[in-house]
Structure formats: structure tokens, C-alpha cells
Amino acid sequence: MAGRGPVCYVLLCGQAALLLGNLLLLQGVSRSHQHNATDSPTHSQEQPAETPAIAAVSSPPSSSNTWDYLGPYAPLVLCDHLPEEFIECEEPMDHGGNTSARDELGYGCLKFGGQAYSDVSHTQVPCKALDGIECAGPRTFLRGNKPCIKYTGHYFITTLLYSFFLGCFGVDRFCLGHTGTAVGKLLTLGGLGIWWFVDLILLITGGLMPSDGSNWCTIY
């Protein structure tokens, strides 16, 4: 029995040491968690400041950048060779008969309108490739052989009915913008019927058109 006393004492001391080591380990772990929890708000506040730099590095190139043309076998075609659905073009420019302005700019219409194809003038118009479409060469260019035709809401059938039923009061010419002759037609009651008949013939044959040079709108 006397020999077991020191052994028991050693075992108790060993258990006490293990217990103390476990307590110290748990206390160290708890302090490390508190330290991480304290540092996390600062880290979250600093993160947005770094976000713009990352976005700036990973942002794609602007659509206004031009790419070099590497030949017909390259993946990118010339911008002025894109199909119509991938470009956006302006309306033909009206120079109002100013030949010098048309020659200086290089494109535009001197006059609008015309019934037959040979009577209609044609011009190029400025176009640009749509955003998001990658192509080689300049993104703005001149394209096409656009007809110098515009539509301002004049319909042939409507004007013909006005001329037939109310032509003696000059309503047809008022609608087409010929105000001066419309007043004369109104005061003379259609030229006692003669002017009324002549305007009907002119409308049918294409001799009487809108004063702004526009064409008849097509009814679908």
C-alpha cells in the first residue's frame, strides 16, 4: 500500500496537467475567434475600394475601338461590309438645291420626290455599326444608294376623294400645302368647275403632288 501512494500522486498530477492544458487551449481558440470577428468589418469596408480596380481590369474593350483588317480569312469583316441588320443609317440629307453644299459634304439630296425610277435622285448616307458588333476598320462609313424620297403623311386616295367632293372649295390643294392656289380656287369656286376638273386629271396623272416634295404614302 505504501508503494501505491506516489503512483496515485503522479497520476493525479498528470490529470491535473492535462485538464489545465485543455483549458488553456480552449481559451486560446476563443480569443482567436473574437479577433477574427473584430477584423471582419474592417475587411468588408476595405473590399468596395478594391472593386473598381478589379472591374477596370476585367472590363471589355469599348465598342468604339477599331480593329485592324487582317484579310478575307480573318474572323472580323470590314464594318462597311456588314449586313443591313447590323448597322444603323441616317436619313438622306436635304440640301435644298444647294449644289456647293452637296459637293463639299460629298453626299445628300438636291431634290426629293419623283414618280418614275429615273426621276428619283439617289445618294449615300452615313451609317455606323451597332454597339456590340465587332468589325474591322472605321465604325462610321458611307453606305448605299438611297433614294431621295420622304413621306409626310399624304395619301393619294384621301386627296383624290377631297378633290372630287370638296375640290371646288380648294380643300385638296390646302391639304397638299399649295395655299396660294387653294385660296384662288376657293374664291372662284373651283374656277366654275374647270379648275376642279383639271386638278382631278393632274392628281391622277401625277402632275399635282405635295408642295414639300414628298411622295404618296403607301397603304398596306
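All residue numbers refer to positions in the sequence shown, counting from 1. Every value quoted in this text rests on a predicted model; they were computed, and no experiment measured them.
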Quick one: are [X] and [Y] in side-chain contact, heavy atoms under 4.5 Å?
| X | Y | value |
| --- | --- | --- |
| D103 | T99 | yes |
| D199 | R173 | yes |
| T218 | Y155 | no |
| L110 | D94 | no |
| L192 | I194 | no |

- Query: So which pairs with a foot in residues 81-100 pass ring pair (Phe, Tyr, Trp, His ring centres under 6.0 Å), sequence neighbours left out?
  - Reply: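 Passing the test, one end in residues 81-100: no pairs.
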
- Task: Write out all pairs satisfying ring pair (Phe, Tyr, Trp, His ring centres under 6.0 Å) with one or both partners inside residues 108-144, taking only residues at least two apart or from two chains.
- Result: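 Counting only pairs at least two positions apart or across chains, the ring pair (Phe, Tyr, Trp, His ring centres under 6.0 Å) contacts touching residues 108-144 are Y117-H122.
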
More than 12 heavy atoms from other groups under 6.0 Å of [atom1] on [X]:
| X | atom1 | answer |
| --- | --- | --- |
| L187 | CG | yes |
| K128 | NZ | no |
| I201 | CD1 | yes |

Minimal non-hydrogen separation, [X] against [Y], with atom names:
| X | Y | value |
| --- | --- | --- |
| L82 | A129 | CD1-CB, 3.9 Å |
| E85 | L130 | O-CD1, 3.6 Å |
| P92 | K146 | CG-CB, 4.3 Å |
| G114 | N215 | O-ND2, 3.1 Å |
| L105 | M93 | CD2-SD, 3.4 Å |
| H178 | P210 | NE2-C, 4.1 Å |

Tell me if a side-chain donor or acceptor on [X] pairs with a main-chain N or O of [Y] at a distance below 3.5 Å.
| X | Y | value |
| --- | --- | --- |
| R102 | G97 | no |
| S163 | T159 | no |
| W195 | C168 | no |
| S214 | Y151 | no |

- Decide side chain to side chain contact (heavy atoms under 4.5 Å, CB included) for Q124 and N145; before the verdict, give the C-alpha distance in whole Å, the side-chain angles of both, and the deciding distance to 0.1 Å. CA-CA 5 Å; Q124 291 182 320; N145 195 25; over 6 Å; no

- Can you sort out the partners of E84 under side chain to side chain donor-acceptor pair (under 3.5 Å), two or more places apart, ordered by chain and number?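 E84 satisfies side chain to side chain donor-acceptor pair (under 3.5 Å) with R143 once adjacent residues are dropped.
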
Just verifying a value: how many Å separate [X] [atom1] and [Y] [atom2], rounded to the nearest 0.5 Å?
| X | Y | atom1 | atom2 | answer |
| --- | --- | --- | --- | --- |
| L176 | T181 | CG | OG1 | 9.0 Å |
| T152 | W216 | OG1 | CH2 | 9.5 Å |
| L166 | C175 | CG | SG | 9.0 Å |
| L203 | Y162 | CG | OH | 13.0 Å |

Grouping I, L, V, M, F, W and Y whenever their side-chain heavy atoms are under 4.5 Å apart, do [X] and [Y] come out in a common cluster?
| X | Y | value |
| --- | --- | --- |
| L142 | V77 | no |
| V125 | I149 | no |
| V120 | Y107 | no |
| F165 | L202 | yes |

- Item | Of E91, E90, E88, the residue whose pairing with P126 passes side-chain contact (heavy atoms from CB on, under 4.5 Å) |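 The option that passes is E90.
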
- Message: Can you list everything that forms a disulfide (SG to SG under 2.5 Å) with C148? Sequence neighbours excluded, please.
- Response: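 Once residues adjacent in sequence are excluded, the partners of C148 under the disulfide (SG to SG under 2.5 Å) criterion are C109.
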
- Task: List for me each residue that meets disulfide (SG to SG under 2.5 Å) alongside C127, sequence neighbours excluded, and say none if there are none.
- Result: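 Counting only residues at least two positions away or on another chain, C127 forms a disulfide (SG to SG under 2.5 Å) with C89.
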
- F164 and W196 aromatic ring geometry - parallel, tilted or perpendicular at 30°/60° bounds: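 W196 vs F164 ring planes: tilted.
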
- Qualifying residues under salt bridge (Lys or Arg N to Asp or Glu O under 4.0 Å), relative to D172, sequence neighbours excluded: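 Once residues adjacent in sequence are excluded, the partners of D172 under the salt bridge (Lys or Arg N to Asp or Glu O under 4.0 Å) criterion are K185.
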
